[in-house]
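Below is one structure, written out as structure tokens; comments come after it.
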Amino acid sequence: MMSPVFAADKLHVSAMNDFSTVNPTANFQVMLIEDGILNDVYMLRGDILNCTLKKITKPTRAKRDAKIYFDVVSYSDKKGTHEIKPKMVAKYAQKVLSVEEVKKTPPKKIAKKAVSTVGNLFVTGFSYGVSFVDGVKENKEDNRLKSGVKQVYDDSFLSYVEYGHQVDIKEGQEFYLIVKKSKE
């Protein structure tokens, strides 16, 4: 009862080699950044997971990025390499909803979203005004008017007709693997 609780299905990892959904490789290795549990086995920071590519789904409309699924074949620690049984499937996730991720979100961003939502209840289009001002302030396009209009479009429902992106994982990049027992 007094032992620390680990998220059984979310492993915080770092890529040990590059991977792309455009030109995928069959094998992929990741190193654990935080301690975790995989199939009732305690894994320590620094352990290596050996994975093989299972499936990739293409990006779709509504800005849904490509999805990657791996079979977790084995893991390596100080004692050697160990096969994982039963079969486990891992899904790539850039972020997961956790206390740590919520703490990383800037308070200014949360306040802006809250003000936009509440303001939109009283004045239709209020959130678009906030988006426009935010775009003008950030000036990403080196033209304040163009930046404001682009920010309004990006924050509007109209931008959801666009496709998502392919996934490119670079060596050393941090992300999460959501691991579940394979249904096979």
Side-chain angles (χ1 to χ4, degrees), residues 6-34 36 38 43 48-73 75 84 87-110 112-114 116-117 120 127-128 130-132 134-135 138-141 146-184:
F6 295 101
D9 61 348
K10 296 173 189 151
L11 299 174
H12 193 190
V13 297
S14 172
M16 295 188 68
N17 47 356
D18 293 347
F19 186 89
S20 172
T21 55
V22 176
N23 189 13
T25 56
N27 298 316
F28 187 60
Q29 286 188 319
V30 295
M31 179 173 54
L32 265 69
I33 296 174
E34 298 174 3
L38 179 64
M43 303 188 76
I48 297 171
L49 292 176
N50 302 305
C51 306
T52 58
L53 180 63
K54 181 179 181 84
K55 172 173 95 167
I56 294 176
T57 61
K58 295 180 180 180
T60 59
R61 289 196 187 268
K63 295 185 177 182
R64 293 184 180 172
D65 295 339
K67 295 178 182 161
I68 310 168
Y69 298 89
F70 296 104
D71 284 323
V72 182
V73 179
Y75 72 95
I84 295 178
K87 289 187 177 182
M88 304 293 280
V89 176
K91 179 183 173 189
Y92 165 85
Q94 183 60 39
K95 294 181 181 180
V96 295
L97 189 59
S98 66
V99 174
E100 292 81 25
E101 288 298 322
V102 171
K103 286 180 181 176
K104 288 180 187 176
T105 306
K108 189 183 276 186
K109 186 176 182 180
I110 295 169
K112 180 183 135 191
K113 181 66 176 169
S116 296
T117 303
N120 222 28
S127 63
Y128 296 127
V130 172
S131 293
F132 181 78
D134 194 38
E138 290 181 14
N139 196 18
K140 292 179 182 175
E141 303 291 323
K146 185 177 177 182
S147 296
V149 171
K150 183 160 178 13
Q151 186 67 41
V152 169
Y153 173 76
D154 288 343
D155 292 344
S156 75
F157 70 94
L158 295 173
S159 68
Y160 284 105
V161 297
E162 297 175 2
Y163 280 91
H165 301 286
Q166 296 288 347
V167 177
D168 287 320
I169 303 171
K170 300 294 180 196
E171 185 177 341
Q173 181 179 337
E174 294 182 15
F175 57 94
Y176 290 87
L177 287 179
I178 301 170
V179 184
K180 296 180 182 177
K181 289 183 180 176
S182 179
K183 294 179 181 178
E184 296 176 334

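Closest approach of Cys51 to Phe70, counting heavy atoms only: CB-CB, 3.8 Å. Residues Lys170 and Ala15 come closest through the heavy atom pair O-CB, 3.5 Å.
Once rounded to the nearest 0.5 Å, the distance linking NZ of Lys91 with OH of Tyr176 reads 15.0 Å. Rounding to the nearest 0.5 angstrom, the gap separating the CD atom in Gln29 from the CG atom in Asn50 is 4.5 Å.
Between the side chains of Tyr92 and Gln94, a donor-acceptor pair is found at a separation under 3.5 Å.
Remark: Lys67 engages no residue in a salt bridge (Lys or Arg N to Asp or Glu O under 4.0 Å) (not counting sequence neighbours). Annotation: salt bridge (Lys or Arg N to Asp or Glu O under 4.0 Å) contacts of Lys140 (sequence neighbours excluded): Glu138. The side-chain contact (heavy atoms from CB on, under 4.5 Å) test applied to Asp65 returns His165, not counting sequence neighbours. For Lys58, the side-chain contact (heavy atoms from CB on, under 4.5 Å) test picks out no residue, with sequence neighbours left out.
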Donor-acceptor pairs under 3.5 Å, side chain of residues 18-26 to any protein atom, not counting sequence neighbours: which ones?
{"unit_1": "Asp18", "atom_1": "OD1", "unit_2": "Glu171", "atom_2": "N", "d": "2.6"}
{"unit_1": "Ser20", "atom_1": "OG", "unit_2": "Val22", "atom_2": "N", "d": "3.1"}
{"unit_1": "Ser20", "atom_1": "OG", "unit_2": "Asp168", "atom_2": "OD1", "d": "2.7"}
{"unit_1": "Thr21", "atom_1": "OG1", "unit_2": "Gln166", "atom_2": "OE1", "d": "2.5"}
{"unit_1": "Thr21", "atom_1": "OG1", "unit_2": "Val167", "atom_2": "N", "d": "3.0"}
{"unit_1": "Thr21", "atom_1": "OG1", "unit_2": "Val167", "atom_2": "O", "d": "3.4"}
{"unit_1": "Thr25", "atom_1": "OG1", "unit_2": "Asn27", "atom_2": "O", "d": "3.1"}

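For the side chain to side chain contact (heavy atoms under 4.5 Å, CB included) test with Ile68, the passing option among Leu53, Thr57, Leu177 is Leu53; the others fail.
Under the 4.5 Å side-chain criterion, counting only non-hydrogen atoms from C-beta, Val73 is not in contact with Ile84.
Within the cation-pi definition used here (under 6.0 Å to the ring centroid, within 45° of the axis), Lys55 qualifies as a partner of Tyr69.
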